[in-house]
Amino acid sequence: MEIAKKYSPKDIEDKWYEAWINAKVFKSTPDERESYTIVIPPPNVTGVLHMGHMLNNTIQDVLIRRARMKGFNACWVPGTDHASIATEAKVVRMLREQGIKKSDLSRDEFLGHAFEWKEKYGGIILKQLRKLGASCDWDRTSFTMDPEYSKSVIQVFVDLYNKGYIYRANRMVNWDPVAKTALSDEEVIFKEKDGLLYHVRYEVEGMEGEYLTIATTRPETILADTAVAVHPDDERYKHLHGKKAIIPIVNRAVPIITDDYVEMEFGTGALKVTPAHDVNDYEIGQRHELEVIECLNDDGTISDNFPSYKGMDRFKVRKQIAKDLDASGHLVEKKQYKNSVGHSERTDAVIEPRLSLQWWLDMKKVSGPALDAVNNGDVELVPAKFINTYRHWMENVKDWCLSRQLWWGHQIPAYYIKGTNEHVVAESAEAALELAKAKTGKKSLTMADLKQDEDVLDTWASSWLWPISVFKGLTQPENEDIKYYYPTDVLVTAPEILFFWVARMIISGMEYMGERPFKHVYLTGIVRDKQRRKMSKSLGNSPDPLDLIAENGADGVRFGMLFSSPAGNDLLFDESQVEQGRNFANKIWNAFRFLKSLELSEAEPSRREALAIEWLKNRVLEVGVEIEEYYDKFRLSDALRSIYKLIWDDYCSWFLEMIKPNYGDPISKKVLDSAIDIFEDLLKILHPFMPFLTEELYHEVRDREEEDFICVTQMPDFQFEAKSILQEMELIKEVISAVRNFRASKQISPKESIELYISTPEEKVFETYSEILVQLLNTSKIEFVSEKVSGAGSIRVKNHEFYIPLLNVDVEAEKDKILKEIEYTEGFLKSVMKKLSNERFVSNAPEKVVNLEKKKQSDAEEKLSLLRKSLEELG
RNA sequence: GGGUUUGUAGCUCAGUCGGUUCAGAGCAUCUGUCUUACAAACAGAGGGUCGCAGGUUCGAUUCCUGCCAAACCUACCA
């Protein structure tokens with residue numbers, strides 16, 4: 001049968017993925033083997049595959065496939081996150097397009113639409129992951145709003161509440177006026193923005209003509225000012241202490257207060273205080289018991305209390321008020337000013353600090369064990385440099401705002417008792433009713449007297465349970481799965497969500513399982529383009545992963561992603577790397593084609609063939625050990641690089657050339673069998689990185705049943721001990737390169753055979769390998785000599801000298817070459833001698849080092865005499 | 001502002017508990033070759049005062065200090 005000249009992934013990849021799924025090879029159930037577990041960082045249910053996912057999931061797949069082949073019971077749990085804000089926003093937009101307003105719907109109606117949307121469009125990303133070859137146990141696919149998962153989220157909330165860790169309080173929160181919800185600190189992204197710093201003067205009450213000038217970036221909040229603050233030691237303003245200032249526009253008199261928070265050097269040294277709309281002002285307000293006036297609605301427009309501006313958007317009002325202040329002579333100046341402004345992670349809206357009543361988790365109460373777990377290495381971060389960041393965050397952790405003013409999510413299980421200020425927290429309405437009866441002493445209470453909190457929980461307050469709840473560890477605490485799979489082995493995720501998610505999973509793991517949720521956290525880099533720009537939709541610099549796969553095959557893309565991305569380093573994605581992967585696949589394909597093309601003979605292996613096989617076997621062991629070490633350190637790109645070179649250089653460039661029969665000749669069946677055995681080992685080693693190609697070839701290179709999959713075979717055992725053949729072959733390879741180089745420089749065609757004369761103290765070695773030299777150098781004759789051969793060019797490798805007869809020997813060029821070598825060696829010897837004649841070196845340096853220098857000396861001297869002799873012989 | 005990390009060939013990165021084989025790899029570049037598995041290939045070659053300046057040492061790319069540059073995290077500077 002004719003085998004295609006080029007590897008064509010598209011015919012092959014879908015075929016094997018289907019075969020794997022049908023045979024359920026990725027399915028895992030607890031058994032007597034040791035488990036190796038990875039839980040996928042659940043992508044947003046709204047998500048589509050982007051390059052970041054590709055990197056992330058390729059890494060997970062490599063780790064899980066390798067574990068499977070190392071004899072572990074490997075389990076990779078896939079799933080999606082309900083992503084409350086992002087999904088709700090998407091559903092609201094979809095409804096709006098259909099002419100439906102969210103405000104016209106009841107909660108249940110809205111959720112009905114949302115679930116419908118989720119069923120229809122959600123989880124596309126999981127289907128896309130199959131194209132990548134992800135070997136997930138799809139039967140375990142989880143969703144953070146699955147009924148049982150939800151139950152565990154509520155269970156945890158109730159438990160934390162009962163422990164006194166969760167409380168409800170009116171505080172400054174990060175308000176997203178577009179999504180109309182509170183956000184946690186982690187959901188706020190600060191961006192440098194060019195803005196204006198307005199200097200505005202306020203008249204001092206009772207002192208006509210006396211003004212106090214403040215500086216602000218937000219003149220619109222003037223409406224809600226309730227004080228002006230100066231530093232207590234500021235001489236400029238001492239005469240104003242205790243007076244009042246009149247706020248322009250609203251003409252309200254507010255106290256002039258003193259507070260250390262004010263920096264004298266900044267702006268004018270006077271600060272307008274707006275407790276309702278600024279975090280610091282709020283704190284100042286608390287210290288001075290200031291009135292709190294709100295001027296903004298939850299959507300960022302001016303409230304009805306200020307009729308002349310009511311309903312205007314905060315940014316429009318800023319300009320309008322600046323104009324009005326200018327008109328009334330209160331605006332002193334406007335300065336260009338750069339400051340960092342908080343934006344919503346999900347909607348990109350400018351965050352409005354706002355006072356509101358929310359649920360909070362007291363992080364200090366729960367974070368201790370999680371900090372220890374990382375500090376003492378129980379949870380290992382890879383690369384380790386992230387430990388400091390983690391520690392810093394954990395040591396300064398702030399309370400977590402848990403509630404979100406949304407519908408899509410887990411509704412907070414708090415129930416308010418009508419006609420009272422009381423509430424109860426319980427896992428169900430029925431339980432809540434009982435609690436309420438007990439609390440109020442009123443047995444007559446009914447469901448109608450309870451009203452559940454309208455808000456839902458922050459998404460991360462459900463995904464922080466992921467490694468536990470995908471195994472139902474909270475709802476069925478003693479079940480087989482949780483006992484078997486928890487703790488998981490490695491979490492692969494992006495450093496961006498170290499606090500959002502990783503830290504919180506460790507917290508919940510320690511709190512609810514009393515044990516780390518994972519042993520290792522592999523933090524990937526960010527995928528950037530060649531110019532180091534982050535890949536993003538808005539920049540349009542991100543290739544579509546599915547297109548890439550279609551063009552180059554999943555194996556090629558996987559190779560491209562991992563070939564140059566050490567843990568923790570950003571990945572500068574370049575399609576040429578994917579091409580390199582595609583080329584590599586093709587190279588292997590062609591090696592396979594070669595193996596299949598040979599005619600067979602019954603001959604015994606020649607010495608050349610036997611040596612080649614023996615050498616390669618040892619080489620595979622040597623590199624295999626190296627690869628194992630890389631895996632242990634999660635250095636996947638180094639592991640891949642080693643495999644790449646092992647296959648391309650050692651197997652293809654050297655080994656196959658060594659055993660290649662003369663054109664038209666058959667090959668010994670025994671030799672081919674060995675070559676195929678080793679080829680299969682190489683396929684296994686490569687399989688985690690390039691699963692499709694290796695599966696295909698594993699089935700093609702020898703006849704196999706379809707279900708005899710490479711992905712569930714065991715890795716070869718790498719028991720390596722250094723053997724002399726490895727060193728000797730290195731020397732032979734070096735000689736071969738040197739002779740090829742010589743041929744190239746003399747423009748001798750590879751077709752033209754040459755004679756090779758060798759002058760060496762180790763004739764035996766060259767005698768042994770002579771057949772390999774003949775094969776790879778196209779020599780017609782190899783002879784050992786002790787004298788120079790006349791009419792020949794010469795080359796030297798270490799202390800071996802080689803002569804190759806030439807028709808025209810350029811004696812002068814030969815001399816030049818030797819002179820240059822002499823010059824270099826003399827210089828080298830001189831530097832060695834300088835060291836050795838240094839009294840302090842000889843007496844201080846370790847004996848080993850001194851001996852090495854002495855060896856360098858004798859080697860160099862030997863080489864010099866060899867060179868000088870050659871020079872003499874040339875005349 | 002605070003903290004962390006990084007600076008080695010054109011690019012992406014290894015490496016050094018200070019001392020042969022230490023200045024490396026892959027890609028890119030250049031030169032030959034359509035050599036009978038593979039031109040998506042083969043055979044070769046060139047390329048770096050290891051960011052800069054000091055210090056410690058017999059010896060520093062490797063340790064220390066300072067400087068310069070970059071990246072990331074973090075912070076309320078109106």
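By convention in this document, chain letters (A, B, ...) are assigned in the order of the sequence lines, proteins followed by strands, and residues within each chain are numbered from 1.
Not a single donor-acceptor contact under 3.5 angstrom links the side-chain atoms of A:Tyr261 to the base of B:C77.
In this structure, A:Phe592 and A:Phe679 have parallel ring planes: the angle between them is below the 30° cut-off, well short of the 60° mark.
For the pair A:Ser340 and A:Ile526, both in contact range of RNA chain B, the more 5′-proximal nearest nucleotide belongs to A:Ile526.
Per the geometry, CG belonging to A:Asp638 stands 15 Å off P belonging to B:A25, to the nearest Å. With rounding to whole Å, A:Phe573 atom CZ is found 20 Å from B:C11 atom P. Counting to the nearest Å, the C1' atom of B:A75 and the CZ atom of A:Phe190 are 8 Å from each other.
Within residues 738-750 of chain A, the residues that have a heavy atom under 4.0 Å from RNA chain B are, in order of number, A:Arg740, A:Asn741, A:Pro750.
Separation of the A:Phe584 and A:Phe563 ring centroids does not fall under the 6.0 Å cut-off. Aromatic pair A:Phe559/A:Phe689: centroids not less than 6.0 angstrom apart. For A:Trp393 and A:Tyr390, the ring centers sit 6.0 Å or farther from each other.
Residue A:Lys6 places none of its side-chain N or O atoms closer than 4.0 Å to OP1 or OP2 of B:A41.
Distances were taken from every side-chain heavy atom of A:Arg528 (C-beta onward) to each of B:G44, B:C72, B:U20; the shortest belongs to B:C72.
A:Asn778 places a side-chain N or O within donor-acceptor distance of the main-chain N or O of A:Pro750, the cut-off being under 3.5 Å. Under the 3.5 Å distance criterion, the side-chain polar atoms of A:Asp399 are matched with a main-chain donor or acceptor of A:Met363.
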